[in-house]
Structures are given as structure tokens and as C-alpha cells.
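Each chain gets a letter, A, B and so on, in the order the sequences are listed, and its residues count up from 1.
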Protein chains: 2
Amino acid sequence: MNVMNASPRRKELTRLAAQLFVQEGFDRTTVRMLAQEMGIKSGSLFHHFKDKQEILAAVIEEGTQNALTIARNALNECSAEPEVRLRTMARAHLETLFTDRNAHVVALFEWRRLDDVARAHLSHLRDAYEALWVAVIDDALEARLIHGDRFLVSRFVLGALNWTVRWYDPNGSRSPDDLADEFVAMIMPSPA
Amino acid sequence: MNVMNASPRRKELTRLAAQLFVQEGFDRTTVRMLAQEMGIKSGSLFHHFKDKQEILAAVIEEGTQNALTIARNALNECSAEPEVRLRTMARAHLETLFTDRNAHVVALFEWRRLDDVARAHLSHLRDAYEALWVAVIDDALEARLIHGDRFLVSRFVLGALNWTVRWYDPNGSRSPDDLADEFVAMIMPSPA
DNA sequence: TATTCACACTAGCGCTTGCTTGGTTACTCA
DNA sequence: TGAGTAACCAAGCAAGCGCTAGTGTGAATA
């Protein structure tokens with residue numbers, strides 16, 4: 001059953017599942033479709049995952065865990081200047097969003113399909129990630145780089161950035177970093 | 001079959017469908033659930049709608065049409081001052097989003113479930129609505145109220161505002177108008 | 001060599017799905 | 001009064017769903 005292991009095989013299957021979940025949506029993705037994409041029969045799928053729900057949870061956990069790690073590292077490696085930290089966080093956010101796009105689209109738009117247990121578990125991960133954001137925004141507010149209510153600002157910022165998955169074209173002329181910089185410039189009173 | 005009529009009965013059924021689609025998601029909402037909510041049997045549902053897809057299209061059409069009308073009226077009735085127009089548009093957006101919340105959540109998050117024909121038809125409506133936004137943002141940019149690339153700014157703005165459906169609590173202390181004003185203040189260099 | 005294990009298979013159960021069919025009821029209006 | 005029609009119902013079909021049971025196989029382990 002491999003309830004909670006992270007074998008390379010399982011990781012690969014999780015990656016494929018993420019892709020299908022994005023393409024079709026979780027509900028429309030059948031275990032038979034998943035199996036075919038993985039090159040096995042539908043029955044064999046349940047050797048790797050307890051049930052379909054667990055595949056969804058695995059996809060989201062993987063993505064969120066990565067985002068958290070990357071953001072933490074990025075913040076550790078950059079200076080303490082609020083403006084730099086704000087830009088760094090925005091860049092890290094979009095970088096993760098697009099290098100691990102499938103997993104994050106699933107996390108953002110299929111979250112509600114998680115059962116209660118998985119949701120409770122993954123909420124902690126997500127909260128830890130958002131806490132990084134709130135801290136960075138607090139500093140930026142205190143330094144008067146931006147203005148507004150701390151709660152509202154963080155919601156607006158995350159909304160604007162997350163929504164990019166709906167329209168951003170990775171093959172276009174702008175890099176995720178460009179996008180992040182332009183966004184930070186937009187909400188900062190003084191144009192860079 | 002009533003292919004494209006808009007009888008009061010059908011409107012009421014559409015409203016109920018929107019609610020269920022939000023609660024459960026389109027795919028998980030069965031025709032039997034819809035019928036029960038409407039107080040009829042599942043077979044009777046197909047007297048009002050050709051198929052399940054058409055119910056989804058009706059929900060989204062209704063919502064988008066309303067948003068367009070409300071935004072147009074609001075812009076017609078307000079002054080030509082770019083700042084006022086920006087605030088007006090933001091207020092109209094959030095006002096519609098929360099008075100007709102179900103339909104808009106469906107439009108935002110179940111768009112991909114539309115078949116090609118419906119999507120092509122509804123795209124025009126949505127584009128017309130977004131065109132209003134782009135015009136308002138262009139004026140605001142020219143007046144130097146805000147700064148940045150016109151394309152990016154409009155995407156970021158719409159993203160931040162649309163994302164509010166994910167966290168805004170209508171029973172909280174803030175009204176949608178407050179929210180709109182705070183948002184506009186956030187992206188404008190000079191605090192009001 | 002014997003045993004275990006990961007991984008895959010076949011076959012299909014029990015159930016739900018969207019939708020159809022054939023018919024009934026209640027109301028409107030000439 | 002009787003034709004037309006909008007609205008509904010009971011019954012059920014064909015397809016597809018998640019998932020299980022039982023089995024086979026080749027590689028690692030004892």
C-alpha cells in the first residue's frame with residue numbers, strides 16, 4: 001500500500017497525476033485515465049495510492065512543500081532590506097508557481113476536493129507559507145514602502161500573483177522575475 | 001425544450017443551480033441533486049434545459065450579463081475624473097461579485113467546463129466587460145494615478161479583485177465598497 | 001534454495017451518472 | 001368546450017465510475 005512513502009516511482013506518478021488534474025480537473029480525471037498516462041492498468045494504481053483522494057493530497061503536498069522550501073531559502077539568502085525581501089518573495093512565488101505549475105494549479109483550484117483529514121494536514125503547510133508572506137509585508141508596511149491594512153494587502157497581493165496562472169504565458173517575452181518586479185513596482189508609491 | 005428562453009421559472013432554476021455549483025462544483029453536482037433542490041424529478045429538468053452543460057452556460061451568462069449592465073450604468077452615472085472612474089469600477093466589480101456571488105464564482109472557477117460553443121459565445125460577453133476595465137485603467141495610467149504596463153496592471157487588478165471571493169466574509173465589518181476603496185488606495189502612490 | 005516483496009495483471013462488482021421515453025396533469029385561451 | 005401547451009412524473013437504459021479480489025512474475029533477501 002505504501003501509505004506515506006515517497007519512492008521515486010510514486011513521485012513520478014504524482015507528477016503525471018498533477019498534469020492530468022490540471023488538464024481535466026480532479027473530478028473528470030478517472031483512475032483509468034491516470035493509469036493509462038502512467039503506463040499501467042487501473043487496478044495497479046492502488047498499489048501506490050490508497051485511493052484517488054490520496055493522489056490529490058500527494059500532488060498538493062509535493063507542490064506546497066517545494067514552495068515553502070524555496071521561499072525560505074530565498075529569504076535566507078537575501079538582505080534584510082524590506083524592499084529587497086518583498087521583491088525576493090514575489091520572485092520566489094512566481095518562480096515556484098511556474099516551474100511547478102501543475103502542482104500549484106491543482107493546489108489552488110482543487111483544494112476543496114480534499115477530504116477533511118488531508119485538508120487539515122495541508123492547511124498547516126499552506127499557513128506556514130502564508131506566514132512568510134505576512135512577515136515580509138509587515139516589514140514593507142513599517143518601512144512605508146507600501147500602505148494599507150496588513151490583512152488586506154497580503155490578500156490582494158496573493159490574489160494578484162496567484163491569478164497569474166490564469167493568463168501568464170511562459171513562452172512570452174516576460175520572465176516570471178520580470179512579472180514579479182513589475183508587480184512590486186505597481187504597488188510601491190515611488191516608481192523604481 | 002425551451003432552448004434559449006428566459007422564463008421566470010428557468011431563471012429561478014438557474015439561480016438554484018448556481019448555488020449548488022458553488023457548493024459542490026459543477027462536476028460533482030448531479031442532475032438528481034439539481035432536481036431535488038428545485039423540487040422536481042430529475043427527468044423534468046430536461047424540459048427546461050437541453051442538457052447539464054446548458055445549465056452551466058445559463059448560470060454564467062446570467063451573471064456576466066448582469067455584471068456588464070451594472071458596470072456600464074455605474075460608469076455612465078459617474079464623473080469623467082479618472083480617479084473617480086477607477087474607484088467606481090472597483091466598487092461595481094466587488095458589488096456585483098458579492099450580490100450575485102454564486103453566478104460569479106461559477107463563472108470564475110467552472111469556466112473550463114463549458115463546451116466550445118458556449119465558451120465562444122460567452123467569451124464575447126466577458127471580453128466586453130474586461131474592455132470597460134482596460135479603458136478605465138488606461139485613463140488612470142495617463143493621469144499618472146497609477147503606473148505600470150497597461151496589460152499587466154489590468155491583469156493584476158482583476159486578479160486581486162476576483163480572488164476576494166476566496167477570502168472575503170460578507171458578514172464581517174467591511175463592506176464591498178470599503179474593500180474597493182482600500183484596494184484602489186493600495187495601488188495609488190499618494191494615500192488618500 | 002526457499003521466502004518475501006514490489007509491482008503489475010485480469011476480471012468484474014456494486015453503484016452512480018447523464019439522459020431518454022412515454023405518458024399524465026393543470027392551465028390558458030379561442 | 002376542447003385544443004394546445006408548459007410542466008411534471010415514473011421507470012429505466014447504457015455507459016462509466018472507484019475500487020477490490022485474487023493471481024503472476026522477476027528480483028532481492030534469508
Asker: Whole angstroms only, please: what is the NZ-C1' distance between B:K50 and C:dG18?
Answerer: 13 Å
Asker: Can you tell me how far P of C:dG18 sits from CZ of B:R113, to the nearest Å?
Answerer: 14 Å
Asker: Does A:F26 have B:R28 sitting over its ring (NZ/CZ under 6.0 Å from centre, angle to axis within 45°)?
Answerer: no
Asker: Against the six-membered ring of A:W111, is A:R126 placed for a cation-pi contact (under 6.0 Å from the centre, within 45° of the normal)?
Answerer: yes
Asker: Could you tell me whether the side chain of B:E61 reaches within less than 4.5 Å of the side chain of B:T14, counting heavy atoms only?
Answerer: no
Asker: Quick check: are there more than 12 heavy atoms from other residues, nucleotides or ligands sitting under 6.0 Å from CZ of B:R112?
Answerer: yes
Asker: Using whole Å, report how far CD of A:Q53 lies from P of D:dC17.
Answerer: 17 Å
Asker: Which whole-number value in Å describes the distance from B:F49 CZ to D:dA7 C1'?
Answerer: 13 Å
Asker: Expressed in angstrom and rounded to an integer, what is the separation of B:H47 atom NE2 from D:dA6 atom P?
Answerer: 7 Å
Asker: Taking only N/O atoms, report every protein-nucleotides 9-11 of chain D pair under 3.5 Å with atom names and distance.
Answerer:
unit_1, atom_1, unit_2, atom_2, d
D:dC9, OP2, B:K41, N, 2.5
D:dC9, OP2, B:S44, OG, 3.1

Asker: Record whether the side chain of A:R32 comes under 3.5 Å of the base of D:dG16 through a donor-acceptor pair of N or O atoms.
Answerer: no
Asker: Below 4.0 angstrom, N of the basic side chain to O of the carboxylate: do B:R9 and B:E12 qualify?
Answerer: no
Asker: Whole angstroms only, please: what is the NZ-P distance between A:K52 and C:dT16?
Answerer: 16 Å
Asker: Is there a side-chain contact between A:R9 and the phosphate of C:dA8, meaning an N or O under 4.0 Å from OP1 or OP2?
Answerer: yes
Asker: Is B:H48 near enough to D:dA6 that one of its side-chain N or O atoms lies under 4.0 angstrom from OP1 or OP2?
Answerer: no
Asker: Do you see a donor-acceptor pair shorter than 3.5 Å between the side chains of A:H104 and A:N162?
Answerer: no
Asker: In whole Å, what is the span from the CG atom of A:D27 to the C1' atom of C:dT17?
Answerer: 13 Å
Asker: Taking atom C1' of D:dG18 as reference, at what distance in whole Å does atom CZ of A:F46 sit?
Answerer: 6 Å
Asker: Report yes if some heavy atom in the side chain of B:M89 is under 4.5 Å from a heavy atom in the side chain of B:W133; otherwise report no.
Answerer: yes
